[in-house]
Amino acid sequence: MDSCYNFSKIEKKWREEWEKNPINPPDDSKPKYYCLDMFPYPSGSGLHVGHWRGYVLSDVISRMKVLEGYEVLHPMGWDAFGLPAENFAISHNTHPSISTAENIANVKRKLHEISAIYDWDKEVNTTDKDYYKWTQWIFARMFENGLAYEKEMPLNWCPSCKCVLANEEATNGVCERCGSVVTKKNLRQWMLKITAYAERLLNDLDTLDWPEKVKKMQSDWIGKSYGAEVSFKVADTDKEIVVYTTRPDTLYGATFMVLSPEHAMVKEITIDEQREAVEQYCFEASTKSSVDRMSDKEKTGVFTGSYAINPLNNEKVPIWVAYYVLADYGTGAIMCVPAHDDRDFEFAKKFNLPIVQVILEKDAEEKELTQAYTGDGVMINSPLFEGMTAFEAKQKAPLILEEKGIGKKTVNYKLRDWVFSRQRYWGEPIPLVHCEKCGTVVVPDDQLPVELPNVSSYLPTETGESPLAAIDEWVNTTCPKCGGPAKRETNTMPQWAGSSWYFLRYTDPHNKNELASKENIAKWAPVDMYVGGIEHAVLHLLYARFYTKFLYDIGVVPFEEPFKRLFNQGMINKDGAKMSKSKGNVVSPDDLVERYGCDSLRLYELFVGPPEVDSEWDDSGIDGVFRYLNKLWKLVYTYKDKDIAPTKDMEFIKNKMIYEITNRVNALTMNTVVSGFMEFTNKIIEIAKKEDGINKDTLEAIVVLLSPFAPHMAEELWRELGHTESVFKQKWPVCDESKLVCDTVKIAVSVNGKARENIEISVDAPKEEVLKIAKEALGKRLDGKEIVKEIYVPNRIVNIVVK
RNA sequence: GCCGGUGUGGCGGAAUUGGUAGACGCACCGCACUCAAAAUGCGGCGGAGUUAUCCGUGCCGGUUCGAGUCCGGCCACCGGCACCA
C-alpha cells in the first residue's frame, strides 16, 4: 500500500476490474430495485459538473441498494431524436445520424469516468430502428383506439424551430426550447387525446412519492374546475348559446355575455349595422400572438348588436365579442357577472355595462362597488337562492339549473390535447399512409418500422410542411389495405415520443417481438427511483404517465404509473448563473478528475449542498473533500496493522457512525452524509491516536459505508484491510443500538433560557439530583436571585428560571 | 394578480424537528516542520466589549421556562401559472 493516496492508479485499476467482474451480476433470488436517470440528449458539448450531480446521486443510490442486497437495474441510454440533435447537425454541416453517433460515443466515455455502474448491455437509443419500431407500434395502437386524430386549427408555431409546438412547449407564449415568441399558424396536425386521461392523470398523482411541487405543477396544468353549463336563448331567434361558469350562483348578476372572436355563433348573431366592426375586431384578434393578447393592459371588445335572455330573470343582456375570452376553453363563451368577477368588472366599466350585485359581504351594506367582490357572502337579488350563502348557492345551483332544464353540472380541464406531429426531419416517421380510396390507414405491424429515409438534404421548410414531403420516392407508396397508390404521412413525432416509454425498453432492450416481454416488465417496472431535473415537471413526466396509462389499458403493462418515486436534483450554478457555453461559465469535470480523481469529484458533487436545491459551484471546495480522502487513506495506512480490542469509545463511535450515516442516506441528505464522514473520521483519528490503535471493525465499517460514495478508494482500502472479495459483496453495516447507550451524558444548564454551564450526569439520575448538580455548577450566578421554576428535560437540558 | 419555495458568519451550508445557533468544509490568520515554498500537523476564526458581559438566524409583534424551528403581520429574492370565466 502506498503511503500516499494515488487516485489515478487505483481508479483505473478498479474500473477495469468492475468491468470484468460486475458488482451487481444478475441474480433472480434477490429483490429488485430499478434506479433510473432521465436519459440525456447526447449533446455535442459533453457534460459539465451540473449534469454529474444527478448521475452521481443515482449511482450512489444504486450501489447502496447493491449493498442492501437488491438486484439493481441502473441503465443508461440516449434521447437522440429531436430538434437539438438536428440543429446541432445543421450547424456542423453534417447529418444528424453521424453527429448523434459521435456525440453518444463522447458522452458515454465521460460517463465511464464517474464509474457509474450503468448496465451498458441494456443501453437504448431512441433513433435505433429496432427501438423506434416500438415507438411507432405504440402510436399505431393509439390510432386504432381512437386516441390519435387529425385536426386543422390555429397552432403554436415557433418561427425559429420552424415547427409546431405542444401547449406544454409554449408556456407564456414563448418556445420552451429556444425562447422565441410563438405565433399562431393554421395547420392540419396529428393530435393525441391526452384529455381523455385528464381525470386519471389528476387522481393518480395522489399515489406518487414525488416532490409536492411537481405534483402541484401537474395538477395545475390539468386544471380541473367544477361548474355548470348554462343555456342562454338569443333574443328574437330560436338560437341558443351555451356558456361555462364556475359561479352559477351568480347567474342573476349576469348582465352581459361575451363570445371569443373564434366562436361559431359570432357571424350568425351579429346584426348588419355591427357587422363591419365585428369583422374588423375578429380579424385583428386573429393576427395577434398570445403574448400580445396577454400583455394588453386594457380590455377590448365589440358589441354584436344582439341580446341573450338571462334564463333566470328573463332580462335582455347584450352579447359582445372580446378576445379575453378563450376559444378553446369551456364553450368559448361566457356569461359576465361584473359585480363578482374582476375581468367582467373591468369590461363593464370600460363599456358602461350594468352591474348588478347578487352577493353581499357579511355584515356589509349594499352600496356601489369600486371593484368586483369575489368572496363569500349572502345571496341577494336572487329569488332561487334566497337565504343561501354564496358558497351554498354555488354547490346547489348546478342541480337547480338542471331541474329547470336550463343548465347542467359540468367539469372542465385546462389540459388540451397533445399536438403530436412535427415538421422536422430528425424524428420517428408517423406510421400512417394516406390512400385516396381507403383514407388514412395505419401501417401494419409487420411493416414496422417505417424507416426514416437517409437523405442528405433535410432542412426544415418555412411553410409548415415536413422536409420528408419533398422526398418523392419515400412519400409515394402503396396502400396496405387496397394495394393502390398512396402517400406516406410526412410529419414526424416529437422528441417526447421516444422518451415516453423508454423505461420499459430497458427491461428487455433487445426484444425483437415485443416492446419488452411481460415477464421483464413485471420483474423490473415500474421504476423505483427516478432522478432528473425539474424542467420536465409537466412535459416528459406528464407524457410518460399518459403513455403508461394507455399501455395499461391495452394490457401491455400491469401498472398505471411509471415512476413510483421521483427525485429532482438542483441545478449547479457558477457565478450565480446557470452553466452555459454562451455565458462561458461551464465547469468541466475532466480536469477535476485529473487533478483530484473521480472519488473526490463524486464527494464534492454531493457535498456542495442539499441535493434538491440549486447550488453554487466553488472550485476550491473540492480541496476539502480531497483532503478528507487523503486523511482517511492515512488513517487506514497507519492503523490497519494496529488492531486492538475495542474500547467502549470505539464501539460507541462505530455504531453512532453507522446509525447517523444510514439515517442521512435514507433521507437522501447526501451533503450531510459527506460531512458526517468527515466528522466521524476526525473522531476516529482522535481515538486511534489516544489508544495508539483502533479495532479493525471500525475501519471496516467506515470503508463499507463509504463505498457507494467513493467506490474506488473504498474498494482499495477494503482489500488493504485483508479481504479478497469486493467491498460490494458486503452487507450495509447495521447499528448495534445497545452500544449507543452511555452511562453519562453531558447537558447544558441554563438560566432564564440562556445556556451558562455544562454538567455531566448519569443518564438515569433522578430529577432532584440533576437539579442539585446543576445549581452547584451555577454557583454564584444564583446569588441573590429568587428561583421561580426549575425545569429538567431528561438528558437534554436544565433551565432555572430566576427573578 | 394567484399558488409554491427560500431568507442563518466573508462563503457553501449544519442544527437530533421547541432544548448549548454556526456542525462539516472553503477562505482567511497564527504557530510548527522547511534554506524557502508546497504539502502536512496544531491552534484561532459571528459581532461588540470595560473579557466573571451583552447582541445575534430578513423585519415587527406574539405564544413558551426556552423560538432559526410554532402563531400573526410585513419585506426581499427565486420558481410555477397567468384574461382558464
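The basis for the numbers below is simple: all heavy atoms, side chains too, and nothing from hydrogens, waters or symmetry mates. Given the structure is predicted, the values throughout are model-derived calculations rather than measurements.
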Looking at every strand, decide which applies to [X] at a 4.0 Å heavy-atom threshold: base, sugar-phosphate, or nothing.
X	answer
A/N682	sugar-phosphate
A/V325	base
A/K634	sugar-phosphate

Under 4.0 Å protein heavy-atom contact, by nucleotide of nucleotides 10-23 of chain B - B base, S sugar-phosphate only
--BSS----BB--B

Electrostatic pair [X]-[Y], nearest N-O below 4.0 angstrom:
X	Y	answer
A/K224	A/E199	yes
A/K215	A/E212	yes
A/K299	A/E346	yes
A/R247	A/D341	no

Could you give the distance separating B/A67 and B/G44 at their P atoms, to the nearest angstrom?
29 Å

Same-atom distance (P) from B/G61 to B/C55, integer angstrom
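These two P atoms come out 15 Å apart once rounded.
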
Going by ring pair (Phe, Tyr, Trp, His ring centres under 6.0 Å), A/Y604 matches just one of A/W617, A/Y596, A/W52. Which one?
A/W617

Using atom NZ of A/K631 as one end and atom P of B/U40 as the other, report the distance to the nearest whole Å.
10 Å

For ring pair (Phe, Tyr, Trp, His ring centres under 6.0 Å), just list the numbers for A/F567 and A/W210, CA-CA rounded to whole Å, side-chain angles, deciding distance to a tenth of an Å, and then say yes or no.
CA-CA 7 Å; A/F567 189 90; A/W210 284 18; over 10 Å; no

Is the glycosidic angle of B/U6 within 90° of 0, making it syn, or outside that range, making it anti?
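In terms of base orientation relative to the sugar, B/U6 is anti.
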
Checking one value: the base orientation of B/G9, syn if chi is within 90 degrees of 0, otherwise anti.
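For B/G9, whose glycosidic angle is within 90° of 0, the conformation is syn.
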
Nucleotide opposite B/G56 in a Watson-Crick or G-U pair, distances under 3.5 Å:
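Pairing partner: none.
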
Does any N or O in the side chain of A/R664 come within less than 3.5 Å of the main-chain N or O of A/T662, such that one atom is a donor and the other an acceptor?
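Absent.
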
Verify the contact: side-chain N or O of [X] to OP1 or OP2 of [N], cut-off strictly under 4.0 Å; return yes or no.
X	N	result
A/N630	B/A39	no
A/Y324	B/A85	no
A/R627	B/C24	no
A/K689	B/C42	yes

A/K213, nearest nucleotide to its side chain (from B/G80, B/G79, B/G25):
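Nearest to the side-chain atoms of A/K213, counting from C-beta on, is B/G79.
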
